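First the structure, in the form of structure tokens, and then the observations on it.
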2 protein chains.
Amino acid sequence: MPTPQSSTATIDDVARRARVSISTVSRVINRTVPVSPDIVRRVEEAMRVLRYVPRAAARNLARRNTNTLGLLLPDGLGDFFGPLLRGIQNVTHEHGYDLLIATAGRPDPEDSLPHSLGNHNTDGLLIFAGCLRRQGLIRAYAQGVPMALIHQTPPPEIAIPCVTIENKAASRALVEHLIQVHERRKIVLLQGLPDNEDAQWRESGYREALAQHHIPFDPALVVPGDFDRQRASDSVARLLADGVIFKAVFSGDDEAAVGVYQALRAAGKRIPQDVAVVGFDDQRLAEVMTPALTTVHAPTAEVGAEATRQLLRLIKTGQAEPLTLLPTEVIIRQSCGCE
Amino acid sequence: MPTPQSSTATIDDVARRARVSISTVSRVINRTVPVSPDIVRRVEEAMRVLRYVPRAAARNLARRNTNTLGLLLPDGLGDFFGPLLRGIQNVTHEHGYDLLIATAGRPDPEDSLPHSLGNHNTDGLLIFAGCLRRQGLIRAYAQGVPMALIHQTPPPEIAIPCVTIENKAASRALVEHLIQVHERRKIVLLQGLPDNEDAQWRESGYREALAQHHIPFDPALVVPGDFDRQRASDSVARLLADGVIFKAVFSGDDEAAVGVYQALRAAGKRIPQDVAVVGFDDQRLAEVMTPALTTVHAPTAEVGAEATRQLLRLIKTGQAEPLTLLPTEVIIRQSCGCE
DNA sequence: CTGTTAGCGCCTTCAT
DNA sequence: ATGAAGGCGCTAACAG
């Protein structure tokens with residue numbers, strides 16, 4: 001039952017072996033004040049021989065900080081996971097911090113932090129969109145937990161730095177490409193979930209593109225996609241079954257685009273000749289799809305890295321950029337009709 | 001008016017406010033021994049009002065354990081990341097443990113644990129293939145760090161539990177499918193890197209399938225793939241340029257299959273009519289490829305979950321299953337020539 | 001059931 | 001430049 005602890009050397013052992021005090025050992029470990037070179041060598045030798053590793057718990061307790069960042073992620077991050085984590089890890093380690101991960105089961109009625117990420121167990125929190133809602137954020141903020149939000153802006157009354165991507169202009173450019181270059185006017189929009197900010201901005205871009213070209217907004221062409229393969233496929237299939245006419249689909253994201261391909265193919269429609277399709281995110285599967293998916297590249301790793309930088313800055317200086325919008329870029333492939 | 005203030009409340013504050021001793025507070029927190037209901041309520045009330053959160057560092061120091069598992073991952077895990085982490089997280093949380101993540105830059109000359117995962121900062125380590133080599137493993141093992149290996153078996157002289165997947169039988173079945181059902185005899189094998197155990201077993205399966213059907217092993221058909229898109233593409237392109245004749249390709253993994261598709265298409269070959277292609281892993285992109293990729297499903301989330309279970313068991317009981325081979329399953333799609 | 005009392009291993013003044 | 005001593009906040013005997 002009680003976990004046996006392999007007894008390893010402590011700072012006392014090192015001090016004894018090097019015949020100095022523990023304070024001195026602490027000093028050579030942390031290089032906090034000069035120590036005579038001779039002693040430094042003795043201490044280092046002792047640490048090596050004893051295979052000494054400072055115990056994080058003891059150090060954290062004494063220092064009153066954990067040197068650890070918490071990352072709160074939704075359950076189904078899918079392919080974003082890899083790049084995002086890579087970006088976060090890089091910066092985190094660069095600054096000598098550790099990374100503690102927790103996932104938030106999607107519908108948390110409590111809207112509270114996972115226990116493990118609680119107040120004093122972490123120096124700050126990276127929170128991905130959808131993991132904590134209004135009340136949860138406000139509560140954590142009130143408790144003074146340093147936080148940075150990813151792909152989600154904070155409630156207006158509290159100032160939490162947020163890092164996300166430029167959605168609207170890219171979406172608009174994408175849809176305009178469909179209109180101008182490929183002369184499509186009946187363009188379906190697969191909406192994301194209402195609480196998804198990315199989805200909202202992408203819809204704005206879609207609307208602006210239409211307005212710019214004097215194409216009336218047609219509610220019949222706007223159907224749920226939810227950034228989900230199945231949902232997207234169902235929606236497009238229904239459109240087809242209902243006899244709705246359209247010449248292009250803005251899928252909302254790449255994942256939904258997969259569903260769109262499926263539904264279109266099942267109905268015998270050719271992509272892009274009959275219906276052009278575009279996505280968003282430029283996930284790894286985008287270039288593998290046939291035809292290769294025209295989409296918008298989202299710099300996911302950089303989002304993670306920048307959010308981490310902001311959080312670290314907030315922790316160290318108490319200040320951070322309220323909103324960072326990372327640039328996106330339209331990636332033209334073949335699904336829009338281009339060669 | 002209770003003022004929400006101290007993000008600094010400690011167990012003493014709670015004890016004082018509930019007018020009990022700190023031990024009692026500790027008892028209601030940990031439910032270690034019965035406490036009278038009346039006092040429980042008082043303590044809980046105090047914790048609520050004070051917004052008390054136990055400090056992990058203090059607790060870990062006193063308990064001599066961290067309640068945290070470390071996860072060591074390679075830099076570029078790609079699409080495995082999501083599922084693997086999901087499996088690990090689930091089990092980890094189920095057992096009340098936290099998860100600390102670190103990535104190992106591929107070529108670590110030191111072959112040592114990242115500082116953050118050092119001896120006493122974690123109760124045990126989950127180590128993905130390729131992150132730590134022989135010496136590193138032996139050293140960590142000697143220091144008594146509980147570990148579980150993922151997709152990599154330990155050096156013979158030390159007993160570290162390993163969880164991986166069944167590679168050989170599935171590969172053999174896959175290749176036999178190509179031989180028997182689709183009558184391909186000239187089958188290219190894209191080899192993985194020599195230190196990749198999965199790759200080795202897959203090659204064995206390939207060889208067994210050939211032997212079973214009395215097809216001589218032809219070294220000219222075995223080229224590097226490295227589970228890498230570009231490498232695979234290059235290898236296949238060279239084969240084609242060299243005029244080598246082949247009717248099928250076992251890509252080693254799905255990622256390489258993408259490269260195979262590219263090279264084949266660039267040369268005007270039809271898949272599967274001219275050349276059948278199969279992969280391994282059943283990553284998300286497999287079913288999106290055109291034609292959909294015939295491959296082998298690897299239960300990645302379950303690998304993560306099971307490795308975590310073994311590690312936890314090792315930590316708690318000192319025992320664990322030396323080797324767990326999770327079953328795989330051939331997934332027939334269209335790239336092999338099936339309808 | 002509840003309170004008292006040692007530490008857990010390290011950092012950090014404060015002396016020297 | 002080095003040592004001594006007092007915590008950091010919590011758990012875990014040990015007494016009542």
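Chain naming here is simple, since letters A, B, ... match the order of the sequence lines and numbering starts at 1 in each. This structure is a prediction, so every number in the text was calculated from the model and none was measured. All heavy atoms count here, side chains included; hydrogens, waters and symmetry mates do not.
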- Item | Side chains of Arg59(A) and Asn121(B), donor plus acceptor under 3.5 Å | no
- Task: Please determine, by modelled atom types, if Thr153(A) and Glu197(A) share a side-chain donor-acceptor pair under 3.5 angstrom.
- Result: yes
Expressed in angstrom and rounded to an integer, what is the separation of [X] atom [atom1] from [N] atom [atom2]?
X        : N      : atom1 : atom2 : value
Arg19(B) : dG3(C) : CZ    : P     : 11 Å
Asn65(B) : dG9(C) : CG    : P     : 13 Å
Asn60(A) : dC8(C) : CG    : P     : 18 Å

- Task: Measure from the side chain of Val35(B), starting at C-beta and using heavy atoms only, and say which of dT2(D), dT2(C), dC1(C) lies closest.
- Result: dT2(C)
- Task: For nucleotides 8-16 of chain D, just jot down a letter per nucleotide in 5' to 3' order: B, S or -, based on protein non-hydrogen atoms under 4.0 Å.
- Result: BBBBBB---
- Hey, mind stepping through Arg27(A) and Asn30(A) against side chain to side chain contact (heavy atoms under 4.5 Å, CB included) and telling me if it holds? CA-CA 5 Å; Arg27(A) 282 171 193 129; Asn30(A) 300 303; over 6 Å; no
- Check whether any side-chain N or O of Thr24(B) sits under 4.0 Å from OP1 or OP2 of dG3(C), and answer yes or no. yes
- Item | Residues Arg42(B), Glu45(B): salt bridge by 4.0 Å N-O rule | no
- Pair Arg41(B) + Glu44(B): basic N to acidic O under 4.0 Å: no
- Task: Please round to the nearest 0.5 Å and tell me the distance separating atom CG of Leu72(B) and atom CG of Leu125(B).
- Result: 6.5 Å
